[in-house]
Amino acid sequence: MMKDVVLTVTENRPLTPYVYQMELQGDVSAIAAPGQFVNLKLNGLYLRRPISVCDINGDRLTLVYKVVGKGTGQMAALPAGARLQTLTGLGNGYDLAPAGEAPLLIGGGVGVPPLYWLARRLRAAGRRVQVVLGFNTRQEVFYEQNFAALGCAVTVTTADGSYGVKGFVTDALPADYTYVYTCGPEPMLRAVHKAITTGGQFSFEERMGCGFGACMGCSCQTLAGPKRICKDGPVLLKEEILW
Amino acid sequence: MVDTRVNLCGITLDNPVIPASGTFGYGHEFAACYDINCLGTFSCKGTTLQPRFGNPTPRIAECPAGMLNAVGLQNPGVEAVIAEELPKLKACFHKPIIANVSGFSVEEYAQTCRLLNAQPQVGWLEVNISCPNVHGGGMSFGTDPHAAAEVVKAVKAVTTKPVIVKLSPNVTDIVAIAKACEQAGADGVSLINTLLGMRFDLKTKRPVLANGTGGLSGPAVFPVAVRMVYQVAQAVSIPVVGMGGVSSAEDVLEMMLAGAVAVQVGAANLVDPFACKTIVDDLPRVMERYQITSLQQLSGGANHG
């Protein structure tokens with residue numbers, strides 16, 4: 001059930017030249033599952049900005065976001081103590097039940113953050129978690145150590161080969177895994193969809209109006225009929241995705 | 001004590017606040033946030049005879065003090081609305097609703113309206129002849145007085161409930177369209193639908209919306225809406241429902257001063273799911289502040305009732 005709350009920024013720092021980590025404190029009780037998102041009201045911008053949940057600890061919420069425009073640019077400039085009107089608990093999130101013993105998490109660029117809380121939950125449930133993180137180049141790499149610290153087996157790929165395995169995430173898939181969770185740009189999701197041999201859950205991005213299912217602004221066609229990315233997604237099952 | 005009641009085409013509303021079609025779905029998302037029975041009524045997602053997926057994405061673009069949308073009337077079709085959405089709605093909303101209808105031919109409008117007219121939950125039909133985001137239908141009926149009149153006559157011939165015609169601001173003379181609807185038998189008019197707009201993305205050098213153009217809504221359009229409501233209310237003797245950028249109880253009162261008997265709230269619902277509840281809660285206090293004791297007197301609704 002979504003809640004509209006005021007969260008206070010406690011920390012906001014760059015992880016790479018364009019990717020920032022923001023810590024917020026407040027009532028985050030509506031956030032129920034990894035892969036859900038929040039929708040932030042920013043000064044002077046009419047529409048809220050949807051950002052996926054990276055991690056939750058008690059009353060603390062971690063967001064990791066890439067500066068791509070006005071909204072995220074404004075977020076990057078927010079100091080500790082700033083207060084943000086935030087719709088929380090949006091989207092369906094990942095379902096952990098089908099993970100199996102050795103789930104594989106595949107993240108591309110700014111699609112990496114929502115996999116972090118998922119990895120933490122899966123590790124807490126005793127699963128052997130393998131993680132493949134894809135970036136364009138060395139200076140864009142983030143969160144490799146964070147996943148490793150959870151006890152995940154982490155592989156990093158860079159498109160230009162400046163760090164880790166040269167190539168795309170699909171060039172570094174492990175041989176054995178029981179299920180796939182992924183988030184990243186659509187070309188990557190498409191390649192992963194083609195490459196994996198198990199079932200999986202794919203998290204999509206779309207320009208949204210409301211973020212809670214009212215405006216039909218972010219609809220997509222699936223084999224299970226039209227779905228709203230914000231409300232019926234952002235996570236879709238492998239078998240229902242229509243490219 | 002102030003009296004927030006208004007009369008819309010013979011049906012009394014507890015207050016004039018009505019979420020606008022396309023910003024409130026079929027009510028469920030909002031019923032999960034608050035008891036939507038506090039609303040005057042609400043206008044359901046625009047319904048067509050056949051199911052529609054709508055336009056490709058992106059369908060939404062940010063604007064200064066507003067937004068563009070090019071959803072394109074996504075809806076499950078009138079049969080599914082009657083079979084699934086209305087029964088679900090019955091559980092959380094106990095007042096008559098406004099059924100909003102779009103079409104691609106005069107016959108389609110009539111057929112969809114006839115089916116919805118038969119539903120006990122439907123209090124009014126709102127005939128949308130002003131959607132800017134579909135081709136070969138929608139707004140093409142709302143930009144020509146003769147075509148608008150044809151739709152109204154066809155709908156009136158097969159319905160018994162009040163028919164409110166939703167007008168487009170994308171015309172040279174909205175008064176001429178409103179008068180044509182009145183003469184054709186419309187019981188009321190609602191305005192304004194969105195203003196046709198467009199944005200380009202400097203990075204891609206392409207339109208932000210996949211549809212190219214979209215409809216502008218939000219506070220940016222409020223003064224345009226107030227002006228058009230005023231002009232139409234001066235010219236017709238049927239009730240006028242005002243909408244366009246309404247975001248507060250003050251905006252509701254301003255729209256009623258311009259001549260609206262009831263007021264729809266659109267884009268505000270999308271940035272704040274509690275927007276309409278807040279407006280309903282604020283209304284009595286704001287009325288008192290401006291020494292307004294009765295909304296029906298304020299709007300001239302007494303004349304139109």
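Reminder, nothing fancy here: chain letters follow the sequence lines and each chain counts from 1. Computed from heavy atoms alone, side chains included, the values below leave out hydrogens, waters and symmetry copies. Predicted model only: the values in this text are computed from it and were never measured.
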Heavy-atom pair with the smallest gap, counting every atom of [X] and [Y]:
| X | Y | result |
| --- | --- | --- |
| Met1(A) | Ala32(B) | SD-O, 3.2 Å |
| Ala268(B) | Tyr46(A) | N-OH, 3.6 Å |
| Pro58(B) | Glu206(A) | CA-OE2, 4.0 Å |
| Met2(A) | Cys33(B) | CE-SG, 3.0 Å |
| Glu29(B) | Ala214(A) | CG-N, 4.4 Å |
| Leu47(A) | Met67(B) | CD2-SD, 3.8 Å |

Between [X] and chain A, which part of the residue has a heavy atom less than 4.5 Å away: side chain, backbone, both or neither?
| X | answer |
| --- | --- |
| Tyr26(B) | neither |
| Pro273(B) | both |
| Asn55(B) | neither |
| Ala267(B) | both |

Verify the neighbour count for atom CD of Glu11(A): are there more than 12 heavy atoms of other residues, nucleotides or ligands below 6.0 Å? yes
Inspect the surroundings of NZ in Lys277(B) and state if more than 12 heavy atoms from other residues, nucleotides or ligands are less than 6.0 Å away. no
I want to check something: taking the side chain as every heavy atom from C-beta on, are [X] and [Y] in contact at a cut-off of under 4.5 Å?
| X | Y | value |
| --- | --- | --- |
| Met216(A) | Lys45(B) | yes |
| Gln85(A) | Asp272(B) | no |
| Cys215(A) | Arg59(B) | no |

Using heavy-atom distances under 4.5 Å, tell me whether [X] contacts chain B through its side chain, its backbone, both, or neither.
| X | value |
| --- | --- |
| Leu45(A) | both |
| Gln221(A) | both |
| Lys231(A) | side chain |

How far does CG of Leu270(B) sit from CE of Met208(A), to the nearest 0.5 angstrom? 13.0 Å
Arg207(A) CZ to Leu209(B) CG distance, which is reported to the nearest 0.5 Å: 8.0 Å
